[in-house]
Every structure is written in C-alpha cells, then in structure tokens.
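In what follows, a structure is listed as structure tokens, so that the remarks can point back to it.
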Amino acid sequence: MKSLLTTTKIGLFDQGGLEEIFRHARNLVVTTIIVAAGIHAIDNASSMSALGVFDFRVVGYFVGVIGIVLFCLNLADGLYRLSKVRGHLFFQIGTVVIYLLVTVRVAQLIVALRTT
C-alpha cells in the first residue's frame with residue numbers, strides 16, 4: 001500500500017502528471033465552450049445578426065464541428081499519454097467514460113448559463 005502511494009506521489013508531482021491533468025482539463029473546457037457556442041448559434045440563428053454573416057446555422061455547425069475535432073484530438077492525446085503509463089485497461093476505459101460524461105455535462109451547463 002505504501003509503495004502505491006509513493007508511486008502515485010512521484011507520478012503526480014515529480015513527473016508532471018498533475019500538470020498534464022490540468023492541461024487536459026483546460027483543453028476540455030475550451031473545446032466544450034467552442035461546441036456550446038456552435039450549438040447556441042444553431043439554436044438562436046433567427047435572433048442573431050452580424051455584418052458579413054448570412055446564415056448563423058451554417059456558422060454554428062462549422063464552429064461545432066471544429067470544437068468536436070479539437071475535443072477528439074485532445075482525447076486522442078490523452079489516450080496516447082495514458083497508454084504510456086502502466087495501468088489496467090479498465091482504468092483507461094473508465095477514464096474515457098468519465099471524460100465523455102464530464103464533457104457533455106459541461107456543455108449542458110454552459111448552454112444553460114448562456115441562455116439564462
């Protein structure tokens with residue numbers, strides 16, 4: 001048990017694991033905000049106006065797709081880095097499921113905050 005705690009401490013603090021977690025969390029929030037902005041533009045296209053933008057639905061889909069692509073790239077980067085760490089497949093699958101659930105929930109919260 002003591003070696004597990006020591007290994008975790010070394011991985012998180014000495015080898016930069018905690019920095020990686022915060023970097024991925026920051027990237028997750030940014031990509032979620034981009035997707036939420038696209039969704040907001042699609043849902044509220046009729047009430048929006050800007051010079052040079054003819055159809056906010058098209059812009060919303062474009063922004064949403066960019067956000068999803070960035071999200072997938074961040075997820076792939078995280079999986080690649082996680083595959084380098086010795087661990088069980090269950091841990092990696094659990095991490096992906098939690099990652100996806102958090103992303104959906106954060107997007108819902110951002111859209112809810114934006115519309116209220």
Side-chain angles (χ1 to χ4, degrees):
M1 183 69 178
K2 188 165 183 139
S3 70
L4 178 66
L5 291 174
T6 305
T7 305
T8 303
K9 180 187 79 100
I10 290 170
L12 286 176
F13 298 110
D14 297 339
Q15 295 177 346
L18 197 58
E19 184 178 327
E20 284 294 318
I21 290 170
F22 278 104
R23 185 175 67 84
H24 278 281
R26 182 184 62 240
N27 290 346
L28 173 66
V29 169
V30 169
T31 58
T32 304
I33 289 172
I34 292 171
V35 171
I39 292 170
H40 180 74
I42 293 167
D43 290 342
N44 300 312
S46 60
S47 64
M48 300 172 103
S49 65
L51 293 174
V53 179
F54 296 110
D55 190 6
F56 272 99
R57 280 199 185 338
V58 174
V59 173
Y61 282 117
F62 183 72
V63 169
V65 167
I66 288 174
I68 291 171
V69 168
L70 291 173
F71 166 78
C72 291
L73 289 172
N74 191 44
L75 178 63
D77 179 53
L79 289 176
Y80 175 72
R81 292 176 189 273
L82 191 60
S83 70
K84 291 181 179 180
V85 177
R86 284 192 205 171
H88 296 286
L89 180 62
F90 177 74
F91 176 69
Q92 293 177 350
I93 292 171
T95 303
V96 170
V97 169
I98 290 170
Y99 192 81
L100 292 172
L101 290 174
V102 167
T103 300
V104 169
R105 190 62 185 152
V106 169
Q108 290 172 340
L109 289 172
I110 290 171
V111 169
L113 287 172
R114 182 79 177 138
T115 57
T116 57

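FYI, side chains are in, hydrogens and waters are out, and symmetry mates aren't considered; it's all heavy atoms of this structure. Since we're looking at a predicted model, the values are computed, not measured.
- Here the NE2 atom belonging to H24 is positioned 9.0 Å from the CG atom belonging to L75, to the nearest 0.5 angstrom.
- Looking at V63 and V59, their side chains come closer than 4.5 Å, going by heavy atoms from C-beta outward.
- There is no path of hydrophobic side-chain contacts, each under 4.5 Å, that joins I21 to Y80.
- Between G60 and A41, the closest heavy-atom pair is CA-CB, 3.7 Å.
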Solution key, residues 30-37 side-chain donor-acceptor pairs under 3.5 Å, sequence neighbours excluded:
unit_1 : atom_1 : unit_2 : atom_2 : d
T31    : OG1    : N27    : O      : 3.1
T31    : OG1    : L28    : O      : 3.0
T32    : OG1    : L28    : O      : 2.6

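- By the rule that hydrophobic residues join a cluster once side-chain heavy atoms approach within less than 4.5 Å of another member, Y61 and V58 end up as members of separate clusters.
- A salt bridge links D77 with R23; the closest basic N to acidic carboxylate O contact falls under 4.0 Å.
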